[in-house]
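One structure is given below, encoded as structure tokens.
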There are 2 protein chains.
Amino acid sequence: MPAQNRPSSSGRSLEHPDRAEIRLEGVLHALSDPMRLQIVCDLAAVEGELNCSVFDLPVSKSTTTHHFRVLRESGVVRQIYRGTAKMNALRRDDLEVLFPGLLGTVLTAAGHQASRLGAPA
Amino acid sequence: MPAQNRPSSSGRSLEHPDRAEIRLEGVLHALSDPMRLQIVCDLAAVEGELNCSVFDLPVSKSTTTHHFRVLRESGVVRQIYRGTAKMNALRRDDLEVLFPGLLGTVLTAAGHQASRLGAPA
DNA sequence: CAGTTCGTACGATAGTCATCGTAGTACGAG
DNA sequence: CTCGTACTACGATGACTATCGTACGAACTG
């Protein structure tokens with residue numbers, strides 16, 4: 001294997017949309033699923049990248065893979081392989097340039113709604 | 001018909017979700033369709049209420065009715081009958097209380113994207 | 001009343017989506 | 001090389017969705 005083509009730690013690569021290809025409708029659709037919105041909130045909370053398997057979602061692994069793919073293909077997250085793990089990170093910069101403030105307001109709104117619905121006690 | 005129960009000009013009434021019933025996922029989903037996003041942008045542009053038929057959408061009347069229903073049931077717009085016309089208005093106040101800034105950032109983002117994609121000349 | 005306009009309801013259809021289980025691939029450790 | 005872990009690919013399925021056409025209802029205009 002030629003050393004010229006050695007990404008960080010793996011030969012596997014994942015398709016990501018260019019910044020210019022990200023569409024608002026796609027992003028909104030990606031965020032309109034409760035499972036994916038939860039993922040995005042968790043990602044935003046840690047400010048870094050997260051392994052796929054740290055998310056404790058009430059669905060099967062296949063379904064989890066599906067949701068991460070939707071998030072990646074809509075341009076919301078960036079995914080890279082790091083050994084056997086696949087790390088996920090929000091594309092904060094790209095989203096901020098394309099849709100200023102959008103991510104923030106959605107995350108805030110999700111937080112408000114969670115307080116309103118989940119902690120009425 | 002008793003005079004006590006006479007709405008503005010019609011006996012027809014439409015179901016709307018309570019403010020407390022509006023869900024973020026539902027709103028995002030409603031906005032994730034290009035047709036509906038266009039409707040919301042148009043509504044936001046005029047600051048008032050708009051007749052259903054002033055929207056020049058490239059779909060049939062039945063489909064238009066469908067999209068307006070989705071917007072109404074998700075809590076994005078309020079609809080009232082005024083004679084034969086059905087007027088539509090954004091539920092700005094409710095959305096602002098529930099999800100502060102969200103509507104604004106989405107509309108701004110839609111505007112940016114429209115400029116970026118539609119008017120590159 | 002008759003006619004027109006505006007919107008609804010219903011049924012149909014083709015497409016997308018969230019979900020699953022199973023089988024498989026990629027990588028690191030022993 | 002073998003094993004375990006992490007994630008994927010594939011096929012299936014049931015649910016939802018966007019779309020249409022046609023037929024109907026409600027209100028205004030004569």
Side-chain angles (χ1 to χ4, degrees), chain A residues 1 5-16 23 25-40 49-74 76-89, chain B residues 1 5-16 23 25-40 49-74 76-89:
Chain A
M1 181 209 206
N5 192 13
R6 179 153 30 88
S8 50
S9 87
S10 160
R12 287 179 287 178
S13 68
L14 293 161
E15 293 269 314
H16 288 81
R23 304 299 244 83
E25 305 91 305
V27 171
L28 294 177
H29 175 243
L31 298 177
S32 72
D33 182 278
M35 215 70 69
R36 291 192 291 259
L37 188 55
Q38 183 60 54
I39 292 174
V40 170
E49 33 180 42
L50 281 183
N51 186 323
C52 268
S53 52
V54 307
F55 295 91
D56 194 24
L57 302 174
V59 293
S60 74
K61 280 207 301 179
S62 328
T63 306
T64 302
T65 296
H66 161 71
H67 285 308
F68 274 107
R69 171 158 36 190
V70 173
L71 287 171
R72 186 186 73 234
E73 291 180 346
S74 66
V76 176
V77 306
R78 194 171 290 281
Q79 301 187 290
I80 59 168
Y81 281 108
R82 203 176 284 279
T84 68
K86 189 162 70 171
M87 308 305 289
N88 303 272
Chain B
M1 183 207 203
N5 192 13
R6 180 153 28 89
S8 52
S9 86
S10 159
R12 287 180 288 178
S13 68
L14 292 162
E15 293 268 316
H16 288 81
R23 303 298 246 80
E25 304 92 304
V27 171
L28 293 177
H29 175 244
L31 297 177
S32 72
D33 182 280
M35 215 71 70
R36 292 193 290 260
L37 187 56
Q38 182 60 54
I39 292 175
V40 170
E49 35 182 39
L50 282 183
N51 186 324
C52 268
S53 52
V54 307
F55 295 92
D56 194 24
L57 303 174
V59 293
S60 72
K61 278 200 308 178
S62 326
T63 305
T64 302
T65 296
H66 161 71
H67 285 306
F68 274 108
R69 170 157 35 191
V70 173
L71 286 172
R72 188 186 71 233
E73 291 180 347
S74 66
V76 176
V77 306
R78 195 172 290 280
Q79 301 186 289
I80 59 168
Y81 282 108
R82 204 176 285 278
T84 68
K86 189 162 73 171
M87 308 305 290
N88 302 271

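One atom, OH of Y81(B), and another, C1' of dA27(D), lie 11 Å apart when rounded to the nearest Å. The CE-C1' distance, from M87(A) to dA6(D), rounds to 12 Å in whole Å. As a whole-Å value, the separation of F68(B) CZ from dA9(C) C1' is 18 Å. When rounded to the nearest whole Å, the span between CG of L14(A) and P of dC27(C) equals 12 Å. To the nearest angstrom, P of dA18(D) lies 16 Å from CD of Q38(B). Atoms CD1 (I80(B)) and P (dA27(D)) sit 14 Å apart, rounded to a whole Å. Computed from coordinates, the K86(B) NZ to dG25(D) P distance equals 17 Å when rounded to whole Å.
Comparing the axis of the opening five pairs of the helix from dC1(C)-dG30(D) to dG30(C)-dC1(D) with that of the closing five pairs yields an angle of 20°, rounded to 10°.
In this structure E49(A) satisfies the salt bridge (charged side-chain N to carboxylate O under 4.0 Å, His left out) test together with R82(A), sequence neighbours excluded. Remark: S53(B) engages N51(B) in a side chain to side chain contact (heavy atoms under 4.5 Å, CB included) (not counting sequence neighbours). Residues passing the salt bridge (charged side-chain N to carboxylate O under 4.0 Å, His left out) test with R23(B) are E25(B), sequence neighbours excluded. With sequence neighbours excluded, the residues that form a side chain to side chain contact (heavy atoms under 4.5 Å, CB included) with T63(A) are V59(A), S60(A), H67(A). With sequence neighbours excluded, no residue forms a salt bridge (charged side-chain N to carboxylate O under 4.0 Å, His left out) with R72(A).
Near-neighbour residues of DNA chain D inside residues 50-57 of chain B, defined by a heavy atom below 4.0 Å, are absent.
For N88(A) (side chain) and Q79(A) (main-chain N/O), no donor-acceptor pair under 3.5 Å exists by modelled atom type.
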Pick out the pairs of N or O atoms, protein on one side and nucleotides 13-15 of chain D on the other, that lie under 3.5 Å.
none

At under 4.0 Å between heavy atoms, how does the protein contact nucleotides 14-21 of chain C? Give one character per nucleotide, 5' to 3', with B, S or -. ---SBBBB

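Applying the 4.0 Å criterion to OP1 and OP2 of dG28(C), one finds that R82(A) has every side-chain N and O outside that range.
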Show me the donor-acceptor pairs, under 3.5 Å and distance only, between side chains in residues 28-35 of chain B and residues at least two apart or in other chains.
unit_1: S32(B); atom_1: OG; unit_2: H29(B); atom_2: O; d: 2.8
unit_1: D33(B); atom_1: OD1; unit_2: M35(B); atom_2: N; d: 2.8
unit_1: D33(B); atom_1: OD1; unit_2: R36(B); atom_2: N; d: 3.3

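Summarising the geometry, atom CZ belonging to R69(A) is positioned 12.5 Å from atom OG belonging to S74(A); distances are rounded to the nearest 0.5 Å. With rounding to the nearest 0.5 angstrom, the CD1 atom of I39(A) is 5.0 Å from the CG atom of L57(A).
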